[in-house]
J.: 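I have a structure here, written as structure tokens, and I will follow up with some questions on it.
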Amino acid sequence: MCKDNVMDNRPIGIFDTGLGGLTMVKALCGLLPGEDIIYLGDTGRVPYGSRSKETIIKYAGQNAAFLHGLDIKALVVACNTVCSVAFDEVKKPYSIPFYEVVKTPAKVAAQSTKNNKIGVIGTKATINSRAYELAIHSCSPEISVFSVPCPLFVPLVEEGWTDPDDEAAKLIVKRYLEGLAKENIDTLILGCTHYPLLTETIKKVMGESVRLVDSAAETAGFIASDLKEKALLKGDADSQPKGSVQYYVTDCTKSFAAHASNFLKSDISNLVKKITVE
Ligand code: DGL
């Protein structure tokens with residue numbers, strides 16, 4: 001039981017455009033195994049990264065409204081694209097805590113670089129917004145930031161072509177990152193929650209010495225401690241029975257369920273439901 005008897009049994013909502021936000025589900029389940037989680041993957045409209053700000057606000061707003069309607073206690077926007085261009089607009093109508101995934105990885109990278117050279121990869125919308133650059137420079141203005149949009153990485157992940165030996169993935173990753181690999185960066189922010197699924201392929205191009213910063217994994221620690229501080233956890237994380245995770249998607253469930261089960265190393269096919277958010 002929490003201090004002062006305060007506890008909140010409602011689930012935590014998380015959304016992204018497809019499989020990417022599962023990096024947040026995995027990280028939060030690891031840190032807060034007793035919490036119930038509801039995940040929404042907007043598979044019907046992925047990717048968001050090449051869409052306009054207006055469309056991203058509209059889609060993300062509909063996702064937030066759907067999850068809010070399920071009586072969640074907090075919402076994690078596990079999408080760098082939405083967080084970079086539309087976070088304030090999406091959050092505005094609600095009073096529950098909303099969490100974004102840009103500021104924490106930017107801070108971690110700024111603290112981690114030794115040579116003051118950081119790379120950022122993300123969707124076109126994320127890179128064009130310069131949200132990472134601004135967040136890094138607010139920590140340390142002298143850092144040089146090398147930003148590269150990688151629009152084909154999200155479709156690669158959604159297609160399940162993430163095996164480090166996949167020839168198509170190797171070719172695409174090399175084509176986007178070979179210029180960046182020559183810039184002598186020592187830290188690379190994976191500024192899209194889909195990209196950690198390509199970690200091994202990215203490492204092959206960037207080299208083992210470059211530290212990869214995973215936006216979801218880095219932010220999960222902050223979310224866990226903030227929920228605890230706000231007395232919003234179900235109770236003491238160590239004494240809770242295992243929480244549940246429900247998955248909603250906005251289009252066919254089969255491919256999402258197969259790739260998600262592969263990534264989570266657990267068969268979730270019976271837990272995935274198709275819904276409409278419009
Ligand atoms: N995972 C989303 C992100 O972090 C992908 C956005 C997209 O669908 O393009 O940016």
Side-chain angles (χ1 to χ4, degrees), residues 13-28 39-64 67 75-87 89-91 98-106 108-109 119-133 135 147-162 172-173 176 188-199 202 212-220 223 247-251 255-256 259-260 263-264 277:
I14 303 177
F15 80 80
D16 184 33
T17 62
L19 293 161
L22 297 178
T23 52
M24 178 59 81
V25 172
K26 202 178 199 175
L28 271 186
Y39 181 73
L40 169 61
D42 192 4
T43 53
R45 305 186 291 195
V46 62
Y48 285 9
S50 36
R51 298 185 192 272
S52 66
K53 180 172 174 162
E54 293 68 39
T55 304
I56 295 169
I57 292 174
K58 179 176 153 197
Y59 290 175
Q62 289 168 339
N63 298 339
L67 287 169
L75 193 145
V76 183
V77 181
C79 177
N80 287 266
T81 304
V82 174
C83 295
S84 297
V85 305
F87 184 70
E89 288 90 339
V90 175
K91 177 184 157 200
F98 268 50
Y99 295 99
E100 56 82 44
V101 289
V102 171
K103 290 196 177 106
T104 304
V108 168
V120 179
I121 54 174
T123 66
K124 277 185 186 164
T126 299
I127 299 302
N128 289 342
S129 76
R130 301 185 59 222
Y132 268 104
E133 235 171 297
S147 303
V148 179
C150 304
L152 287 181
F153 285 12
V154 168
L156 266 185
V157 169
E158 289 296 319
E159 197 59 29
W161 292 3
T162 53
I172 291 169
V173 170
Y176 280 121
L188 175 63
I189 300 177
L190 306 182
C192 169
T193 51
H194 280 74
Y195 296 2
L197 281 84
L198 293 165
T199 291
I202 292 170
L212 303 187
V213 177
D214 175 330
S215 65
E218 296 297 347
T219 306
I223 296 172
Y247 301 86
Y248 291 103
V249 291
T250 55
D251 207 337
S255 143
F256 175 88
H259 297 321
F263 173 68
L264 297 168
V277 293

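This chain uses plain numbering: 1 for the first residue, then up along the sequence. Remember, it's 1-based here, ligands and their atoms both numbered in the order they're listed.
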J.: Quickly, which of Cys192, Ser147, Cys150 forms a side chain to side chain contact (heavy atoms under 4.5 Å, CB included) with Ile121? Name it, please.
T.: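 Of all the options given, the one that passes is Cys150.
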J.: Using a 4.0 Å cutoff against the non-hydrogen atoms of Asn80, which atoms of ligand 1 qualify?
T.: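 Those atoms are 3 (C), 4 (O), 10 (O).
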J.: What atoms in ligand 1 come closer than 4.0 Å to a heavy atom of Val46?
T.: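 Under 4.0 Å from Val46, ligand 1 has these atoms: 8 (O).
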J.: Among all protein non-hydrogen atoms, which one is nearest to atom 9 (O) of ligand 1, and what is the separation to 0.1 Å?
T.: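 Ranked first by proximity to atom 9 (O) of ligand 1 is Gly49 N, 2.8 Å.
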J.: Hydrogens and angles aside, do Thr43 and Asp251 bring a side-chain donor and acceptor to less than 3.5 Å of each other?
T.: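 The criterion, which ignores hydrogens and geometry beyond distance, is not satisfied for Asp251 and Thr43.
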J.: Which residue owns the protein heavy atom closest to atom 7 (C) of ligand 1, what's the atom, and how far is it?
T.: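 Ranking protein heavy atoms by distance from atom 7 (C) of ligand 1, first comes Tyr48 N, 3.2 Å.
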J.: By number and element, which atoms of ligand 1 are closer than 4.0 Å to a non-hydrogen atom of Thr81?
T.: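 Reading through ligand 1 atom by atom, the close ones are 3 (C), 6 (C), 10 (O).
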J.: Given 3.5 Å as the limit, does a donor-acceptor pair link the side chain of Tyr195 with the main chain of Gly122, or not?
T.: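 Side chain of Tyr195 to backbone of Gly122: a pair is present.
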J.: So, is Thr17 polar-close to ligand 1, with some N/O to N/O distance under 3.5 Å?
T.: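 In this structure, Thr17 places an N or O atom under 3.5 Å from an N or O of ligand 1.
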J.: Taking C-beta and beyond as the side chain, do Tyr247 and Leu22 meet within less than 4.5 Å on heavy atoms?
T.: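 With C-beta onward as the side chain, the pair touches.
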J.: Which residue, Thr17, Asp42, Asp16, Asn80, forms the side chain to side chain donor-acceptor pair (under 3.5 Å) with Tyr48?
T.: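 Exactly one candidate clears the test, Asp42.
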J.: Is it true that Lys53 and Glu89 have a side-chain N and a carboxylate O under 4.0 angstrom from each other?
T.: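 Looking at Lys53 and Glu89, the cut-off is met.
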J.: For ligand 1, which atoms sit closer than 4.0 Å to a heavy atom of Thr123?
T.: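 Result: 6 (C), 9 (O), 10 (O).
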J.: Asp16 heavy atoms, cut-off 4.0 Å: which ligand 1 atoms fall inside?
T.: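 Atoms satisfying the 4.0 Å criterion: 1 (N), 2 (C).
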